[in-house]
Protein chains: 2
Amino acid sequence: MTHGRLADRVPDLAALELLLAVARLGSLGRAARETGISQPAASGRIRGMERMLGVALVERSPRGSTLTDAGVLVTDWARRVVEAAEAFDAGAEALRGRRDSRLRVAASMTIAEYLLPGWLVALRARRPGTAVSLLAGNSAAVAERLRAGEADLGFVEGIALPAGLSGAVVARDRLVVVTAPAHPWARRRAPLDAGELAVTPLILRERGSGTRQVLDAALAAHGGLAEPLLELASTTAVKAAVVGGAGPSVLSELAIGEELASGRLVEIPVGDLDLHRALRAVWPTGHRPTGPARDLLGLTRP
Amino acid sequence: MTHGRLADRVPDLAALELLLAVARLGSLGRAARETGISQPAASGRIRGMERMLGVALVERSPRGSTLTDAGVLVTDWARRVVEAAEAFDAGAEALRGRRDSRLRVAASMTIAEYLLPGWLVALRARRPGTAVSLLAGNSAAVAERLRAGEADLGFVEGIALPAGLSGAVVARDRLVVVTAPAHPWARRRAPLDAGELAVTPLILRERGSGTRQVLDAALAAHGGLAEPLLELASTTAVKAAVVGGAGPSVLSELAIGEELASGRLVEIPVGDLDLHRALRAVWPTGHRPTGPARDLLGLTRP
DNA sequence: CATGAGTCATAACTCCAGATTATGCCCTCA
DNA sequence: TGAGGGCATAATCTGGAGTTATGACTCATG
């Protein structure tokens with residue numbers, strides 16, 4: 001980390017949105033109007049970004065503004081930030097949503113964290129104005145909500161479908177054995193085998209997490225999981241412990257994309273074990289999703 | 001899009017960073033110290049986020065603060081925003097970098113847009129303080145810089161290695177035929193074949209883009225590309241035109257992940273055409289990368 | 001050419017979000 | 001029982017970002 005806070009070196013969201021608008025509309029004034037500020041304010045903000053970044057972003061001319069070469073790149077990077085912010089917003093809105101929402105979703109943590117916000121952004125684009133409420137919990141809690149009629153659609157990551165529920169696979173996920181790069185396993189030439197994994201104490205989430213259930217079931221033939229090395233409350237805490245070299249763990253590939261790409265974590269292949277798992281949308285048997293629930297379901301498998 | 005600007009509904013980056021610090025450190029005061037503000041300021045900011053989101057995020061107690069259930073979710077979503085901002089920051093810093101940087105990188109647009117920022121974040125984590133400068137252009141420009149000694153490492157997406165350069169494949173990419181969901185091709189049952197693709201006018205980037213070269217070469221046996229329907233200057237403009245229903249296009253899968261997931265674009269399978277392409281790191285033959293260039297190269301294939 | 005409709009920049013003023021310091025209460029632990 | 005860590009409230013300050021008003025420039029057009 002360079003010294004100096006990130007916020008001092010990255011323009012705020014309003015400025016990034018403004019830049020996207022300028023790129024799209026080709027004029028500071030039009031972008032200003034679209035974002036609801038005055039033209040001088042827009043001009044100033046863009047100028048401020050250019051000063052902050054030390055690079056000219058837009059070419060101003062008496063008949064409009066176009067992006068410079070650097071501006072094109074910056075705008076693309078800005079778009080990623082704005083997209084992440086949109087996912088945040090969609091998720092937060094659902095979290096705030098009250099009981100009377102038109103679509104009440106219950107989802108397991110992994111799905112709520114990594115997949116649902118994107119789906120909600122898409123739903124918002126396709127069916128604007130759909131009020132969504134979100135409740136996150138483990139598979140049992142999701143099933144309970146559905147059976148009690150307190151949720152219209154659920155998402156779970158277990159192996160078996162909870163009793164009384166029907167479902168459809170909406171995505172696949174794979175559990176991955178990971179260690180810090182310095183761990184001895186990272187230097188193995190032969191893949192790990194299931195027996196070794198079963199006898200090794202791992203860093204895991206608390207009992208009841210979907211990840212842990214699937215893993216335990218997959219290792220059943222080898223005696224099941226060893227007693228955990230550490231039990232932590234959140235996936236993030238587990239990742240931090242593994243990166244810190246505390247020991248190996250098994251995590252969803254959804255959770256570790258960034259860490260693998262940057263080399264902070266290393267994947268350890270396992271020879272004789274299939275750790276794929278299905279992520280399912282679920283609903284009470286007999287109550288096929290309708291209305292907004294059906295819309296959302298439709299989005300999850302393009 | 002809901003009315004009301006995104007920036008009014010998503011906390012600013014400083015607040016999100018603060019939240020991550022609270023999650024990590026378990027105390028408002030410690031998080032405040034780490035982020036360089038006073039404890040009351042931190043308390044106020046968190047309170048402000050909770051008011052903005054309408055959800056309690058942290059459980060305050062006389063011996064520290066821990067995240068609520070909702071807080072865990074929000075923190076995870078916040079982390080995505082912060083990571084995107086870090087990529088933005090790393091990219092922007094490189095863009096601003098001057099000639100005397102320790103590592104001068106030249107990259108094609110696609111790589112500079114989608115892959116390089118992540119690599120730079122990782123490089124910064126592993127070799128803090130490496131000054132990087134970035135220059136983006138097409139393959140020919142990258143090759144020119146390298147031969148002139150004005151860049152230490154290049155990244156290109158062409159088919160053939162430019163003369164005088166050696167390289168190593170660092171990633172693979174696939175070109176994808178896409179249309180809006182309403183386009184007739186989206187309702188086909190049989191995959192498209194190369195002959196059809198070759199005679200169909202497409203929406204494309206301007207001549208000279210790596211994507212267009214690869215596509216033209218792949219279709220050479222079928223008479224090459226038809227005259228384009230539209231020629232646009234940026235990938236973003238192409239995407240917007242396709243989403244708007246102007247016609248089909250062929251784009252890198254790196255560029256359209258979000259649009260495919262949300263259903264704004266539809267992938268059209270092509271039966272008899274392999275549109276994979278290699279993304280390569282390149283350097284002048286005989287000058288194997290050393291120092292920072294070697295560090296960066298090492299990061300690109302974990 | 002003169003005019004009007006675009007564009008963007010500059011200037012003067014206002015205002016509030018978010019910072020600071022100072023302080024108090026609460027809990028825990030030695 | 002006092003010390004220390006943790007959080008909240010209160011009073012105050014300030015700078016960034018907004019606003020309106022205006023001017024300069026370019027271009028299409030009658």
Side-chain angles (χ1 to χ4, degrees), chain A residues 4-68 71 75 78 82 85, chain B residues 4-68 71 75 78 82 85:
Chain A
R5 297 279 101 219
L6 195 54
D8 301 333
R9 314 172 42 143
V10 177
D12 66 40
L13 281 171
L16 297 180
E17 279 195 285
L18 177 65
L19 180 63
L20 296 186
V22 171
R24 184 156 31 85
L25 301 172
S27 147
L28 289 185
R30 269 201 290 276
R33 241 168 292 138
E34 199 197 53
T35 49
I37 62 176
S38 67
Q39 173 266 316
S43 178
R45 296 218 74 159
I46 297 286
R47 188 172 298 285
M49 286 183 69
E50 291 178 318
R51 195 165 37 73
M52 170 185 276
L53 300 178
V55 175
L57 299 175
V58 311
E59 190 87 43
R60 300 120 200 270
S61 93
R63 50 183 209 285
S65 296
T66 61
L67 294 178
T68 62
T75 303
V82 170
Chain B
R5 296 281 100 218
L6 196 52
D8 302 333
R9 314 171 42 136
V10 177
D12 66 41
L13 281 171
L16 298 180
E17 280 196 284
L18 177 65
L19 180 62
L20 296 186
V22 171
R24 184 156 30 84
L25 301 172
S27 147
L28 289 185
R30 269 201 291 276
R33 241 168 290 139
E34 199 197 54
T35 48
I37 62 177
S38 66
Q39 172 266 316
S43 177
R45 294 217 77 156
I46 298 287
R47 188 171 297 285
M49 287 182 69
E50 292 178 318
R51 195 166 35 74
M52 171 185 276
L53 301 178
V55 175
L57 299 175
V58 310
E59 190 87 44
R60 300 118 200 271
S61 92
R63 51 182 210 285
S65 296
T66 61
L67 295 178
T68 62
T75 302
V82 170

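Side chains included, hydrogens not; waters and symmetry mates left out as well; all remaining heavy atoms used. A note on names: the letters A, B, ... follow the listed sequences, proteins ahead of strands, and every chain is numbered from 1.
- Contact between the side-chain N/O atoms of B:Arg63 and the OP1/OP2 oxygens of D:dG6 is not found at any separation under 4.0 Å.
- As rounded to whole Å, 13 Å separates atom C1' of C:dC8 from atom CZ of A:Arg30.
- If you take CZ of B:Arg33 and C1' of C:dT20, they are 16 Å apart, rounded to a whole angstrom.
- Contact annotation: A:Ser65 reaches the phosphate of C:dC8 (side-chain N/O to OP1 or OP2, under 4.0 Å).
- The shortest distance between side-chain heavy atoms of B:Glu59 and B:Ser65 does not fall below 4.5 Å.
- Across all strands shown, B:Ser27 has heavy atoms under 4.0 Å from sugar-phosphate atoms exclusively, and none from any base.
- Rounding to whole angstrom units, CG of residue A:Leu28 and C1' of C:dT7 are separated by 9 Å.
- The CD1-P distance, from B:Ile37 to C:dT21, rounds to 12 Å in whole Å.
- We find that CD of A:Gln39 is positioned 13 Å from C1' of D:dC25, with the value rounded to whole Å.
- The salt bridge (charged side-chain N to carboxylate O under 4.0 Å, His left out) check on B:Arg60 picks up B:Glu50, with sequence neighbours excluded.
- Between the side chain of B:Ser27 and the backbone N or O of B:Gly64, no donor-acceptor pair lies under 3.5 Å.
- Contact check for B:Met49 versus B:Leu57: side-chain heavy atoms found under the 4.5 Å cut-off.
- Summarising the geometry, the separation between CZ on A:Arg60 and P on D:dT26 is reported as 17 Å, rounded to the nearest angstrom.
- Within residues 42-55 of chain A, the residues approaching DNA chain C are A:Ser43, A:Arg47, by heavy-atom distance under 4.0 Å.
- For the pair A:Leu18 CG and D:dA17 P, the computed distance is 12 Å after rounding to whole Å.
- Separating the CG atom of B:Asp12 from the P atom of D:dG16 is a distance of 15 Å, rounded to the nearest angstrom.
- Considering only side-chain atoms of A:Pro40, the nucleotide from C:dT10, C:dT21, D:dC7 that sits closest is C:dT10.
- The side chain of B:Ser38 places an N or O atom within less than 4.0 Å of a non-bridging phosphate oxygen (OP1 or OP2) of C:dT20.
- By the 4.5 Å heavy-atom criterion applied to side chains, B:Leu16 and B:Thr75 are not counted as neighbours.
- Counting heavy atoms from C-beta outward, B:Leu20 and B:Glu17 have side chains that stay 4.5 Å or more apart.
- Judged as a side-chain hydrogen bond (donor to acceptor under 3.5 Å, both in side chains), the pairs with a partner in residues 35-46 of chain B (not counting sequence neighbours) are, in order, B:Asp12-B:Arg45.
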